[in-house]
Amino acid sequence: MYNFKKIEHKWYKIHKNINFLKNNNFNNKKYYILNMFPYPSGLGLHIGHAIGYIFSDIIAKYKISKGYNVINPIGFDCFGLPAEQYAIKFKINPKLIIKKCIKNYIKQIKKLGIFINWNNIIYTHNKNYYKWTQWIFIKLFNSWYNKKKKKIYNIRILKNKIKKKNIYNKYKINKILNKYRLIYLKKSYVNWCPKLHTVLSNEEIFNGKSIRGEYDIKIIKLLQWHIRITSYIDKLLKGYKYIKWDKNIKNIQKKWIGKKKVNYFNLYINNKKKIKLYIIKKKNIKKIKNIILCAPSNNVDNLIKYIKSKYKLKILNILKKIYNLKNYKYKILIKSKINNFKINIYISNYYKSLALNDVYINYNNNNNKFFNIKNNLILNIKKHFKIKNIYFSKIIKKKYIYNLKDIVFSRQRYWGEPIPIYYKNNIPYNIKEKYLPLKLPYIKNFNKNSKLNNYNKWYWNIKLNRTVYKDKNNKNIYPLDKNTMPSFAGSNWYYLRFLDNNNNDKIINKKIINYWKYVDLYIGGIEHINGHLLYSRFCHKFLKDINVINTKEPFKQYINQGLILYNSYSIYKINNKNIIISYDLIKINKINNYKKIYINEKYIINNNILNIKKFLNNNIKYKYYKFKFNKLNKIICNKELEKMSKSKLNIINPNKIINKYGTDVFRLYLMFLAPFKKNKIWNIKNIKGIKRFLNNIWNYIIININNYNNYNNNYQLKILYNLIYKLNNNYKKLNFNTSISLFMKFFKKIKNLKFNRKVIKKYLILLSIFAPYICEELWNKLNEKNSIFFEKQPIINYKYLYNKKIKYIIMINNKKKIIIYIKKKNNNKQYIINKLKNNNLIKNYIIYNKKIIFIKNKILNILL
RNA sequence: GCCUAGAUGGUGAAAUAGGUAAACACGCAGGACUUAAAAUCCUGUAAUUCAAUAAAUGAAUUUUGCGGGUUCGAUUCCCGCUCUAGGCACCA
């Protein structure tokens, strides 16, 4: 048994002081590998993160040993909702919470045995970082896209043009410019909670009520910043040519962008109100009969009111009918008179659209193609009938439509980058670049009212160029924008900043970016494809257009990491009552007004039963709650298999496993578990095999430590080169579970042969990439003075891989009978048949054959 | 509901320009060592049936979620389903 704790600690300390990664030798080949940076939550790093970091470390170490100049950095995406909520709960500034979390994360990352560029670390909430996030905001604000020339121009050019005309006043000019800016103001819908006095995300709402406090939600319109990503759609679509992503990943994004050529109609309701309607095939318009309006999440009642008032529909009958269909809980039939004809309008929540912005018509069950309608309703036609009862205008024109919308870029929160805009007579102006950053004020006694609009110093003095208190007598003071940016603002462009994280004068140095260019391999979850990955591509293209960088795409290759799935458990609380109800009762009694609360696995006894005593001991809040038990006098919890995530409280901390088995075993195990891309259900069952494997290697080498045999053994060299050959293929495929089994197979063979120092040393170099510490220690014990990570990858001598004989599988009626080996010079059909005529098992078959199928170098199949 | 991916022994999985299904592990069973346990090592291990023996063993059939198709041959390609997971725009 080797003492992994001692060894791993020793080599961690030594490696810390050696720089294996990034240097400034710009003549060397470069390799930029990057993991999606984590959001530092209180629960810390989980297995999913660990797999990602270990995977990228393996590739980084491989590339180093191939002579590349490698960068593999880490940073933290610090702004965001969870920290702010936590801050409200405990009345501390989010900055302090984040600081604690990051410390914990770094501690955990250091246990994984990975090489990280610690000098290049970034934090998005650091003012030296978000200064540049704000800088990008201003650049977007002051740019517009010329559709004819397909180029980005400064807004000043447009402004001067309009001014020259001398027709418009400054308000009108501002309105026009707002229609062109790449970041612009527009009203859009949000979930508003009057009681909490805040905007809520879909995730903060359950069954139509806010999760915090269980209050009602209203849908209101708010003036918000939007990014005009739609003007970059063609560029985004063209960009796929330059990147090496999986086909299906590209397809997901392409479909999300959803460019379609359509015909364009008007649909009239009550002769007055019209809905714009896009249709792909003209003839399909005849098939429309029913219309389904899609409500935002679980909020059908509000939608009915909205529709009633907007379209003045006479609602004849409302049938609250709950269908058994999965997502059709809120399907409601409204019979109304439209153009004196009856039409069925269904309302459903099956499309979870927050802003009511998306409108689709599904006209055909078979091929599920969609129409898109503008006026904030979703229409879905299930069956096709001949048209009788709706009136359509003639086709107006053909045009392109997109699924992708401009992105809402403002949040009504505190914990985000402040928007560097102030308002003069209601016209937005940006703070001058040289006065950035516009710092986020520090609020000590943090609570739910801690927002920028409650912060009394939130005014901009254009003379002093800093934030000030309001002073009625001073004419140079203007109110600042009270929104903050969403959390993806900082993650749009972070991969650039790693390369030059301390630069105060520029977003990035030109020389540096010209060398590193882009991320060669980007690793992250598939769930980010339609968000972060798309926004980053947009941002990169914009930065290219304003000459910050000169490459077309940010991520040359992208590999999506499979999700780690694990059981999550939840209990159910009746809305507005302090009652916890057993999950099976909800199903039996079809109860609707409940709230789902995730709980930790440790409170569960067998068969999903809640251990109430244990639960109450650690959750004092529920001490005075009533419990509604089932027939067996138990509280049953809901068990689901979901992705490992902090919000679901089903995360596994890697530290426990590392402490028990060591980093090397942990690393090998995670890679051995399953293919990297595959979703994996977490289990720890098979880890013993890895432990045994490393132990055996240790024992084998330690016993032979003074054996200096260095001879050339053909068989040993053959299996070694075979191993290297197959490992190299796996590096190309980016799949390492079979690499581990290759190492095991090799060791099985070699351990029964004479000890060969030369072969074993090469084996250690190969294995060190996966199990760094044990290999480093053994390398050292074999009297090597330098670190094993300065060694280059062993090179294959192909002479040894050459096979003299060819294997043939002989089949009778597609079933394997025997295997024969043929010399290369005899590799032909007739020779094999002749040979088989002398074989007792086969010769009769050959005589009576109907047909013989011969596949060169593989198979001879005799059909009878 | 729509979009995307996946499904192979008791378990994690391996094998796809269509050609020996189950590599490598875990678990289990038996054995060795030990007073005993743990650890370690060795042997066996997809299922069913048949033959035969003291025993080793041999033979046949079935099997990659379900139902079809193409093919001499399908885990792999095509069509139709089922189930599971992820995304659906303010979680990150």
Side-chain angles (χ1 to χ4, degrees), chain A residues 1 36-39 41 77 79-82 85 190-191 199-205 224 248-249 251-252 255-256 258 292 294 325-328 331 348-355 357-358 360 362 368 370 378 380 382 403-405 407-408 410-413 486-488 491 525-532 534 560 562-563 565 640-643 645-648 669 672-675 677-681 683-690 692-693 695-696 699 737-738 740-745 748 807 809-811 813-819 850-853 855 858-859 861-863:
Chain A
M1 278 288 279
M36 284 181 185
F37 65 165
Y39 176 84
S41 84
D77 190 10
F79 283 128
L81 182 73
Q85 283 202 4
V190 292
N191 296 319
V199 176
L200 295 176
S201 68
N202 286 338
E203 207 179 68
E204 293 173 281
I205 300 166
Q224 308 231 55
N248 60 13
I249 302 286
N251 269 340
I252 293 172
K255 288 207 168 170
W256 182 246
I292 292 180
C294 287
L325 293 165
K326 251 189 187 169
N327 291 308
Y328 262 69
K331 198 163 160 184
S348 142
N349 72 331
Y350 76 78
Y351 189 88
K352 242 190 185 178
S353 165
L354 171 86
N357 273 342
D358 280 315
Y360 296 106
N362 179 355
N368 291 326
F370 284 92
I378 298 168
N380 183 349
K382 268 269 145 184
N403 180 45
L404 186 69
K405 296 176 299 197
I407 319 159
V408 181
S410 39
R411 301 284 183 268
Q412 294 67 44
R413 302 206 188 106
S487 49
F488 62 78
S491 62
I526 196 164
E527 67 270 33
H528 298 284
I529 288 177
N530 293 335
H532 163 66
L534 191 61
N560 66 295
L563 295 161
L565 306 176
E640 289 163 285
L641 191 63
E642 292 181 290
K643 71 168 176 176
S645 128
K646 51 199 176 286
S647 61
K648 290 170 178 133
Y669 178 60
F672 186 58
L673 193 60
K677 286 183 192 171
K678 201 185 167 187
N679 288 356
K680 303 168 252 288
I681 300 169
N683 78 78
I684 190 88
K685 275 190 220 160
N686 297 345
I687 201 166
K688 270 193 182 173
I690 301 288
R692 278 180 202 148
F693 167 59
N695 244 328
N696 291 347
N699 292 338
N737 58 332
T738 47
I740 310 298
S741 64
L742 286 172
F743 280 118
M744 288 173 170
K745 274 189 207 171
K748 243 187 180 177
K807 190 175 166 185
I809 295 150
I810 309 302
M811 296 172 125
N813 277 346
N814 298 309
K815 286 215 165 106
K816 182 186 79 173
K817 269 289 173 221
I818 55 167
I819 293 168
K850 270 186 186 165
K851 197 181 176 186
I852 293 180
I853 288 156
I855 311 291
K858 268 183 187 166
I859 272 175
N861 189 4
I862 301 161
L863 301 178

Colleague: Please name all residues satisfying side chain to side chain contact (heavy atoms under 4.5 Å, CB included) with A:Ser741, sequence neighbours left out, ordered by chain then number.
Modeller: A:Phe672, A:Thr738
Colleague: Strictly under 3.5 Å: I want the nitrogen or oxygen pairs between protein and nucleotides 24-31 of chain B, one per line.
Modeller:
| unit_1 | atom_1 | unit_2 | atom_2 | d |
| --- | --- | --- | --- | --- |
| B:A25 | OP2 | A:Lys748 | NZ | 3.3 |
| B:C26 | OP1 | A:Arg692 | NH1 | 2.5 |
| B:C26 | O4' | A:Asn686 | OD1 | 3.4 |
| B:C26 | O2' | A:Lys685 | O | 3.1 |
| B:C26 | O2' | A:Asn686 | OD1 | 3.0 |

Colleague: Applying side chain to side chain contact (heavy atoms under 4.5 Å, CB included), can you list everything that pairs with A:Ile855, at least two apart in sequence or on another chain?
Modeller: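 Counting only residues at least two positions away or on another chain, A:Ile855 forms a side chain to side chain contact (heavy atoms under 4.5 Å, CB included) with A:Ile853, A:Lys858, A:Ile859.
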Colleague: Tell me every residue that passes side chain to side chain contact (heavy atoms under 4.5 Å, CB included) with A:Ile681, counting only those two or more places apart in sequence or in another chain.
Modeller: A:Leu565, A:Leu641
Colleague: Please state the C1' separation for the pair B:G18 and B:U64 - nearest whole angstrom.
Modeller: 15 Å
Colleague: How long is the line joining NE2 of A:His532 and P of B:C90, in whole Å?
Modeller: 16 Å
Colleague: Roughly, in whole Å, what's the span from CG in A:Asn814 to C1' in B:G18?
Modeller: 12 Å
Colleague: Within this structure, what is the NZ-to-P distance between A:Lys851 and B:C72, rounded to whole angstrom?
Modeller: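 For the pair A:Lys851 NZ and B:C72 P, the rounded distance is 6 Å.
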Colleague: Once side chain to side chain donor-acceptor pair (under 3.5 Å) is applied, do any residues pair with A:Ser487, and if so which ones, sequence neighbours excluded?
Modeller: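 Counting only residues at least two positions away or on another chain, A:Ser487 forms no side chain to side chain donor-acceptor pair (under 3.5 Å).
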Colleague: Please name all residues satisfying side chain to side chain donor-acceptor pair (under 3.5 Å) with A:Gln85, sequence neighbours left out, ordered by chain then number.
Modeller: A:Glu204
Colleague: Would you kindly check whether a donor in the side chain of A:Gln85 faces an acceptor in the base of B:C91, or vice versa, at under 3.5 angstrom?
Modeller: no
Colleague: With sequence neighbours left out, what residues match A:Lys816 under side chain to side chain donor-acceptor pair (under 3.5 Å)?
Modeller: none
Colleague: Residues two or more places apart in sequence or in another chain: which of them pass salt bridge (Lys or Arg N to Asp or Glu O under 4.0 Å) with A:Lys677?
Modeller: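 By the salt bridge (Lys or Arg N to Asp or Glu O under 4.0 Å) rule, A:Lys677 matches A:Asp246.
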Colleague: Polar pairs (N or O, both sides) under 3.5 Å between protein and nucleotides 7-9 of chain B?
Modeller:
none

Colleague: Base of B:G9 relative to its sugar, syn (within 90° of 0) or anti?
Modeller: syn
Colleague: Not counting sequence neighbours, which residues clear side chain to side chain contact (heavy atoms under 4.5 Å, CB included) with A:His532? List them please.
Modeller: A:Met36, A:Ser491, A:Tyr494, A:Tyr522, A:His528, A:Ser536
Colleague: Can you tell me, in whole Å, how much space there is between the P of B:U4 and that of B:G80?
Modeller: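 Nearest-Å result for B:U4 against B:G80 at atom P: 13 Å.
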Colleague: Classify the side chain of A:Glu204 versus the base of B:C91 as yes if they form a donor-acceptor pair under 3.5 Å and no if they do not.
Modeller: no
Colleague: With pairs defined as Watson-Crick or G-U wobble and both distances under 3.5 angstrom, please note down RNA chain B as a dot-bracket string, | for pairing with another strand.
Modeller: (((((((..(((......[....)))((((((.......))))))((((((.....))))))..(((((..]....))))))))))))....
Colleague: What does the list of N/O pairs under 3.5 Å between the protein and nucleotides 80-82 of chain B look like, with a distance for each?
Modeller:
none

